Amino acid sequence: MRRFSVYDTMSREVRLFVPITPPKVGLFVCGLTPYDDAHVGHAKTAVTFDVVARALRRWGYRVFYVQNVTNLDDKVIARGAELGVDPLSLADRHLARWRVAMERLGVASVNYYPHATDYIPEILVQIRQLIDQGYAYAADGSVYYEVAKFREYGKLSGQKTEALRPGARVELDKAKRSPEDFVIWKAATPGEPSWESPWGPGRPGWHIEDTAITVRLLGARYDLHGAGLDLKFPHHEAEIALAEAATGESPLVNYWMHVGLLNFKGEKMSKSLGNVVSLDDVIDEVGPGVLRFYYLNAHYRSPLDFDPDRSLSEAREAHQRLSVPRRRLLEALAQRGAEGEGVELPEEVARESAAAVERLDAVLSDDFNTREAIATLFGWSRRAGEFVGDRAKLSGAALSQLLAPYQWAEEVLGIFEPLTPTPPSTGADALVTVALEARKRARERGDFSEADRIREALKAAGVLVEDSAQGTRWESRKPRAE
RNA sequence: GCCGAGGUGGCAGAAUGGUUAAUGCGACAGACUGCAGAUCUGUUUCUUGGGGGUUCGAUUCCCUCCCUCGGCUCCA
């Protein structure tokens with residue numbers, strides 16, 4: 001197991017990570033409330049923790065990664081009512097889309113996506129414990145958590161409940177003993193989904209599903225909890241208050257990771273401002289690799305500003321610097337075979353390849369500095385680039401050495417799309433071949449205007465032609481980059 | 001008002017108590033090419049928001065002021 005450090009929000013410092021039961025690591029990330037389509041901000045968090053999980057697994061940890069789904073809450077119900085559909089099936093539908101987007105983005109690291117409504121028994125048990133231990137009270141068919149009873153409330157965020165300004169967004173609810181109390185069991189409203197309980201029919205409040213789920217799946221104490229920065233207060237504060245009061249164990253979580261939010265031109269991305277950028281649209285436009293690159297090109301804790309006119313095109317250009325040499329080398333390796341004979345790399349370069357991979361692991365193990373990893377990859381690309389031109393002469397072993405840092409990036413960062421195996425030849429391919437043969441003859445007889453005309457015509461048809469010392473290659477290029 | 005994050009070159013965005021403050025984008029020039037593309041090489045710009053302090057030395061630590069963003073019970 002490689003040692004690594006993480007910035008822990010609770011202690012406000014970068015700390016060496018020590019699992020409770022090595023090599024196991026329990027990782028919980030606050031997931032989606034699927035009442036609407038996902039936007040690029042949601043995926044930033046998902047990709048961040050995907051990289052965390054990938055890295056830990058590479059380093060020998062056995063990660064159990066749980067991401068919950070709040071498939072029933074006020075927003076889901078409100079949206080369902082608006083559209084005249086059952087809230088739970090509305091949530092299912094959006095969740096299915098999210099899962100597809102995650103698959104496209106290469107986020108396969110999550111072991112389990114528990115749904116809030118599948119943990120009603122656990123939630124009721126926890127509510128019972130809280131009432132028995134004097135942390136919660138029932139009133140008017142609902143149950144509330146009494147924040148004042150939990151002395152350490154605020155220890156994560158530094159917020160003090162006395163500072164809560166009355167009237168801001170505090171729920172006005174007469175049944176509450178104090179404005180900062182929050183509902184953990186909400187009395188049923190006719191027409192809305194509800195479950196029986198000792199306090200009458202109702203449904204879970206927001207925060208308690210997470211603690212019911214994590215206590216059940218990860219235990220009363222677990223290693224790592226992640227989420228977007230916006231959930232730090234009050235949600236995570238509430239999680240701590242609920243779980244630590246219910247189980248009597250502390251701390252609930254050893255390391256808290258919070259991801260900087262994605263802004264839109266300096267402002268928060270939100271429905272009400274009308275500046276949300278659809279995740280699916282962006283994946284369609286630039287492809288998953290470029291989007292992941294864009295996220296990972298900054299430190300996960302920094303806020304990242306999304307500018308529709310610049311961010312993605314810049315990321316695409318920069319991404320090419322890595323993906324193009326990688327693809328060339330992979331193609332050469334496929335032709336030559338891993339055992340193929342040929343020119344070997346100078347010993348110094350072979351050593352540099354291994355050193356680059358080691359450096360990649362090293363920078364990532366310092367609070368997941370993906371930006372530094374990408375800088376390292378650029379450095380390697382420049383070095384490897386010296387040999388890319390001669391790739392046809394290199395041995396399989398040499399090509400593999402040149403590829404090693406890129407493979408690391410594929411494994412841990414996931415910023416490359418898999419190299420599509422040569423697709424079966426189609427009629428269109430045959431036509432391109434014919435056109436290129438004509439172009440080749442034109443070039444041979446020095447008729448460059450004809451050659452350029454063919455190249456332009458192909459380009460207009462979405463076929464990109466490039467000449468090189470190794471001959472002419474082409475690829476079909478839709479608006480999306482690779 | 002309270003809590004938190006941050007202010008680094010034309011832009012994006014790292015890092016460090018101490019040689020020339022990464023990397024990428026952009027721009028310019030060169031190599032290669034019939035041209036283009038891709039690739040390589042070189043050049044280009046910041047003394048790190050203002051002020052004060054600690055130190056032999058700070059962009060990095062401390063204080064203060066200004067500004068931006070987020071949170072303050074919807075939010076990844």
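Order of the sequence lines sets the chain letters (A, B, ...), proteins ahead of strands, with each chain counted from 1. Quick caveat: nothing in here was measured; it's all calculated off a predicted structure.
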If you compare every side-chain N and O of [X] against the phosphate oxygens of [N] (OP1, OP2), does one of them come in below 4.0 Å?
{"X": "A/Trp474", "N": "B/G37", "answer": "no"}
{"X": "A/Ser302", "N": "B/A14", "answer": "yes"}
{"X": "A/Asn369", "N": "B/A15", "answer": "yes"}
{"X": "A/Arg391", "N": "B/U39", "answer": "no"}
{"X": "A/Arg371", "N": "B/U23", "answer": "no"}

If we take the [atom1] atom in both [N] and [M], what is their distance in whole Å?
{"N": "B/U60", "M": "B/U19", "atom1": "P", "value": "14 Å"}
{"N": "B/A27", "M": "B/G37", "atom1": "P", "value": "12 Å"}
{"N": "B/A76", "M": "B/U39", "atom1": "P", "value": "39 Å"}

Geometric cation-pi criterion A/Arg15 and A/Tyr7, 6.0 Å radius, 45° cone: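 So A/Arg15 doesn't make the cation-pi contact.
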Distance under 6.0 Å and angle within 45° of ring axis: A/Arg177 vs A/Tyr137: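 Satisfied, under 6.0 Å and within 45°.
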Residues A/Asp37 and A/Arg97 bridged, charged N to O under 4.0 Å: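 Yes.
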Nearest to the side chain of [X], heavy atoms from C-beta on, is which of [options]?
{"X": "A/Glu372", "options": "B/G71, B/A15, B/U73", "value": "B/A15"}
{"X": "A/Asp452", "options": "B/G24, B/C35, B/G37", "value": "B/C35"}
{"X": "A/Glu466", "options": "B/C11, B/G37, B/C40", "value": "B/G37"}

Pairing partner (Watson-Crick or G-U wobble, both distances under 3.5 angstrom) of [N]:
{"N": "B/G1", "value": "B/C72"}
{"N": "B/G37", "value": "none"}
{"N": "B/U47", "value": "none"}
{"N": "B/C32", "value": "none"}

Spacing of A/Ile374 atom CD1 and A/Leu322 atom CG [to the nearest 0.5 Å]: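 Reported to 0.5 Å precision, the distance equals 7.5 Å.
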Spatial distance of atom CD (A/Gln67) from atom CH2 (A/Trp98) [nearest 0.5 Å]: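 The CD atom of A/Gln67 sits 6.5 Å away from the CH2 atom of A/Trp98.
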Aromatic ring pairing A/Phe306/A/Tyr294, orientation class (parallel under 30°, perpendicular over 60°, tilted between):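 Judged by the thresholds at 30° and 60°, the geometry between A/Phe306 and A/Tyr294 is perpendicular.
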NA contact type, [X], heavy-atom cut-off 4.0 Å: base, sugar-phosphate, or nothing?
{"X": "A/Ile374", "answer": "nothing"}
{"X": "A/Thr472", "answer": "nothing"}
{"X": "A/Leu261", "answer": "base"}

Position toward the 5' end of RNA chain B (nearest nucleotide), A/Asp366 or A/Arg455: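 Result of the comparison: A/Asp366.
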Upstream residue (5' side of RNA chain B) when A/Gly385 and A/His42 are each assigned their closest nucleotide: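 In this pair, the answer is A/Gly385.
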Donor-acceptor pair (no angle test) under 3.5 Å: [X] side chain, [N] base:
{"X": "A/Arg443", "N": "B/G34", "result": "yes"}
{"X": "A/Arg328", "N": "B/U39", "result": "no"}
{"X": "A/Asp73", "N": "B/C74", "result": "no"}
{"X": "A/Lys268", "N": "B/C75", "result": "yes"}
{"X": "A/Asn297", "N": "B/G24", "result": "no"}

Rounded interatomic separation in angstrom, taking CG from A/Asp307 and C1' from B/A12: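 Whole-Å distance recorded here is 10 Å.
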